[in-house]
> 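Before I ask anything, here is the structure I am working with.
Atom set for the values below is all heavy atoms of this structure, side chains included, hydrogens, waters and symmetry mates excluded. In this chain, numbering begins with 1 at the start of the sequence shown.
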Amino acid sequence: MHTRLPARDRLELGTVSMMGLGPVRMPSVDAVRRVVWNLAALDPGNRLLRRVDPAHGRLLTVAPSGRRQHLLDVIREFDDDPATIGDPTRDPERIGAWMADRHAEGLGDLPFRFWVGQQYSMLEMSHAVGDAGLFMTTWTSLLRRAQDEELPTELIETPVRYPLVRALWRTFGTGVGPTRDLLAQYRTSRRGRRATASPHGHRHSRDRAGDPRAGSAAASRLVSVCATSDTDLSDRVRRWRARNAPTASANGVLYAAAVVALERSALPRRAPGLTVLFDARRYLPDGAAIVGNFVGCVTLTPADTASPQSITAEVRRTISCGRPLASIGAALVTSVVPARHRPGRADHPHRAPRADLSAGAELTVTSLGDLPLLAHVKPLVTPERMWLQGMVTTSGPDGLTCSFTGLSGAVNVSISFDANRFDPAAVRGIARLLTDDPLALLDARAAGIRDTLNLKSY
């Protein structure tokens, strides 16, 4: 039995992301396999029990006779002996290199690979079958149920049909306000991109649902770096926001700090804007389940990309007018329009750009929220010593994708990038700046702006 992938998920074929965590007390790899084996009795068509047919854009249900081999293929044992991976809580380079090698291998027809060690685990997934929700919920459930030996009832999938059509109608079909606001924001964004165009002539990419084909494996190597703050950072961000930027969100503060950290690094900026990943499930009724990818990427050009208030205001305007949802629809439209009839072909998000080592970095930011996994496993170190590392392919070879994740009050930062384009030492420096004291970055920049204004006033 096979199921045709929705068009929005066919766009993500070949896009793979990873996330790893430890050290925690892990269940055995056999216990995790039993969870998925038991799931087959409850939900035989579950995406965890399917293979991907990339050539025809389909999901293939694994026959009962092939389930045992399927589980051996998708749930793997991970050798996390310190002699092999070192101590990732102090130096994640060795385990990060292992992740990069697995990512370079690709998944082939597997929907995911779940690596389980004694103290560390990783989930490697195809975006054709899921987005960050697979990391934040399914991964948690697999480990939790493997420990308590209970049936994984929360993994039974009852997705809504035609979610994109439903969300578009719910957002734009009931009034002219969102459509008017969306068009107004597109015009404002276009003017902002023209006003801040790179002197080298590099243009911003358009809004996109993903960037799965932005670079070939031969020309790029996706790697990532990570760092974790102390457990007081979340509280300090809230206090700083209340004192200095009461209209901003906590994410707005962290995103602005990421912009300043990139400005202070040795890496050139591609353009002053930043790209934000939005979960488009917000446009569906509460409780509507989505199987697959439902994330929109929108490039924003706030008046001041280093201002938490300015970023937050632009994010809120973007959400209120439905632009993340429109970006998914736009990606679908451009995927079926013949290339020779597309305007701005060089900017098409799924077209591999020509390598240009003089071009700067394009910044993408996302917040995954608090990791629920820690409530269901036993950490073996304090949160600030936890290793959490993600590898996200959204930005393509010209981008730095900066992901923020909460860990019991601490903030983890993972930055994915092309090691053949950007200096890993410089990117590691950005991660450390964002976890050591991101608020000092914002204070220093604000002070610098005030000093500049005072000088100009004489």
> Counting only N and O atoms by type, is there a donor-acceptor contact under 3.5 Å from the side chain of N244 to the main-chain atoms of W240?
yes
> L433 versus L441: any side-chain heavy-atom pair under 4.5 Å?
yes
> Could you tell me how the ring of F112 sits relative to the ring of F114: parallel (under 30°), tilted (30 to 60°) or perpendicular (over 60°)?
tilted
> Check whether any side-chain heavy atom of L274 lies under 4.5 Å from a side-chain heavy atom of T299, and answer yes or no.
no
> If we ignore angles and hydrogens, is there a donor and acceptor under 3.5 Å between the side chains of N412 and T405?
no
> Is R264 atom CZ crowded by more than 12 heavy atoms from other residues, nucleotides or ligands, each under 6.0 Å away?
no
> Counting C-beta onward and ignoring hydrogens, is there a side-chain heavy-atom pair between L400 and V427 closer than 4.5 Å?
yes
> Is any side-chain N of the basic residue among D87 and R94 closer than 4.0 Å to the acidic one's carboxylate O?
no
> Tell me, with the steps shown, if D101 and R221 meet salt bridge (Lys or Arg N to Asp or Glu O under 4.0 Å).
CA-CA 9 Å; D101 288 342; R221 176 172 171 79; 2.9 Å; yes
> Apply the side-chain contact (heavy atoms from CB on, under 4.5 Å) test between V413 and each candidate in V225, T228, L434; give the one that qualifies.
L434
> Closer than 4.0 angstrom, basic N to acidic O: yes or no for E105 and R113?
yes
> Less than 4.5 Å apart, side chain to side chain, heavy atoms only: is that true for L368 and F135?
no
> Of L325, I328, L164, which meets side-chain contact (heavy atoms from CB on, under 4.5 Å) against Y283?
L325
> One thing to verify: whether D423 and R428 come together as a salt bridge, which I'm taking to mean a side-chain N less than 4.0 angstrom from a carboxylate O.
no
> Quick check on the 6.0 Å ring-centre criterion: do Y120 and W115 meet it?
no
> Is it the case that atom CD in E157 sees more than 12 heavy atoms from other parts of the structure closer than 6.0 Å?
yes
> We want to know whether T247 and Q309 form a side-chain donor-acceptor pair, criterion being a heavy-atom distance below 3.5 angstrom.
no
> Looking only at non-hydrogen atoms, find the nearest pair between A146 and A31 and report the distance.
O-CB, 3.6 Å
> Measuring only between side-chain heavy atoms, which start at C-beta, is F404 closer than 4.5 Å to T366?
no
> Can you confirm whether more than 12 heavy atoms, excluding those of Q147, are under 6.0 Å from its CD atom?
yes
> S229 and A410: which non-hydrogen atoms are nearest, and at how many Å?
O-CB, 3.5 Å
> Of the non-hydrogen atoms in P163 and I290, which two are nearest, and what is the gap between them?
CB-CD1, 3.2 Å
> Would you indicate whether R243, at its atom CZ, is surrounded by more than 12 heavy atoms from other residues, nucleotides or ligands within a distance under 6.0 Å?
yes
> In Å, rounded to the nearest 0.5 Å, how long is the span from CG of L142 to CD1 of I75?
6.5 Å
> For D279 and R282, run salt bridge (Lys or Arg N to Asp or Glu O under 4.0 Å): C-alpha distance rounded to whole Å, both residues' side-chain angles, the deciding distance at 0.1 Å, then the answer.
CA-CA 7 Å; D279 189 341; R282 70 183 76 240; over 6 Å; no
> For the residue pair T305 and I311, what are the closest heavy atoms and their distance?
O-CD1, 3.0 Å
> Answer yes if the side chains of S414 and S224 hold a donor-acceptor pair under 3.5 Å, and no otherwise.
no
> Does the pair R281/D131 count as a salt bridge with the N-to-O cut at 4.0 Å?
yes
> Does any part of the side chain of V52, heavy atoms only, come nearer than 4.5 Å to the side chain of L13, both counted from C-beta?
yes
> For the residue pair R385 and W387, would you count it as a cation-pi contact if the rule is NZ or CZ under 6.0 angstrom from the ring centre and within 45 degrees of the ring axis?
no
> Distance check, rounded to the nearest 0.5 Å: L371 atom CG versus M19 atom CE?
7.0 Å
> Give the minimum heavy-atom separation between A306 and V260, together with the two atoms involved.
CB-CG2, 3.7 Å
> Is the shortest heavy-atom distance from the side chain of V253 to the side chain of L442 under 4.5 Å?
yes
> Salt bridge or not between D230 and R236? Use side-chain N to carboxylate O under 4.0 Å.
yes
